[in-house]
Amino acid sequence: MEDKKKTLTEYEKEISEAQEMEEANTHKRKVRSFKRMLMVTFLVVCAIPITLCMFLMVKMNRLDHRIENLVDRVEEGKNLVSTNIGLIDESTETMTSEQMAYGDLGKGSEGVHVALTDNGDGSNKTTDDAEATTEAASDVPEQTYYNGQKVYLTFDDGPSTYTGELLDVLKENNVKATFFVVYNDDKEAQQYYKRIVDEGHSIGMHSYSHVYDQVYASQESFEEDVTKIHDYIQEQTGVDTHLYRFPGGSSNQVSKVDIQDLIGYLHDEGIVYYDWNSLSGDAVDASLTPSELNDNILGYVHANAGDSVILMHDLQNNHATIEALPALIQTLKDEGYEICPIDDSTKPVQHVEYKGDK
Ligand SMILES: [Zn+2]
């Protein structure tokens, strides 16, 4: 009987323990779901807006970059026009001296025609004019005018995702070029700085940020930008480069500082800036085909009295530039031009000259 009582008490005890446990579990469940609710509230109130903010900031940054690029293109477009005007003057002089030397207008006049009509979208006109003048010049010995002139292929804005391919094409065609580079900390890009130098090309500065508002904001910001890209190139390649190309050229209209002051700084630092007197228009109009790009370039090169510095771009939206290269190189070689990389001894083409020493 006593045993039975005991068992009953134990049984009751077990029941009450089970009830307590059940209550504790319910409490835990409540706490857990409260925590979950708190987490969800935190996510909704904090994390989502933060993520959204970050996303918008990245987006804004990209848009900023695109605006900068567009300004760049506009500036280069303007330079294209001023280069054209320069070419008209230059080629008038060329024609006179060439006429005296050869007693004929010949191919000199072909270049003039092309330069006058070509502004990036007149590729048909360029071809027509070239054909018309070739006929007129058919009694002139081929390529007489081009022997000994040098041509410098220059690529701005890299390194990009295409730099490797661009370097491959230059190697296959046994040609050395000049790369005016900007800062890029991408792992792949970093290898390209080194490859450019290792494969015998020249490397020059084209600003650290390439953001016009920053580069040209003040004398100090310009100097800081030059120092940063100079040191970055040296860190990546070991080269202490003295070659510079202004973003938008020395004739750009966006600098808030007098360009003479910026040139003065470069001069004091022993840095030489190189503009261009020929261009493909690859950055002005991304829809130009490889043969249109080459027609544009050859139009300028033929019109130049002296050596030609050709502006092209190493950008990821510019694959046509790479596709155009083999034919361009072949034509230049066939016409007797010497393709060289820019070095300290190259006579620079400059849209704006330094007035400091005069
Ligand atoms: Zn540029």
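We count ligands from 1, going down the list as the structure has it; atoms in each ligand are counted the same way.
- Among the atoms of Asp157, an N, O or S atom falls under 2.8 Å of the Zn ion (ligand 1).
- Taking backbone and side chain together, His313 holds no N, O or S atom under 2.8 Å from the Zn ion (ligand 1).
- Angle NE2(His206) to the Zn ion (ligand 1) to NE2(His210), rounded to 10°: 90°.
- Within a 6.0 Å radius of CG in Asn25, more than 12 heavy atoms belonging to other residues, nucleotides or ligands are found.
- Salt bridge annotation for Asp168-Arg195: present, with a cationic side-chain nitrogen under 4.0 angstrom from a carboxylate oxygen.
- In this structure, Leu293 and Gly281 approach most closely via the heavy-atom pair CD2-C, 4.3 Å.
- In this model, a donor atom of one side chain and an acceptor atom of the other lie less than 3.5 Å apart for Ser250 and Asp275.
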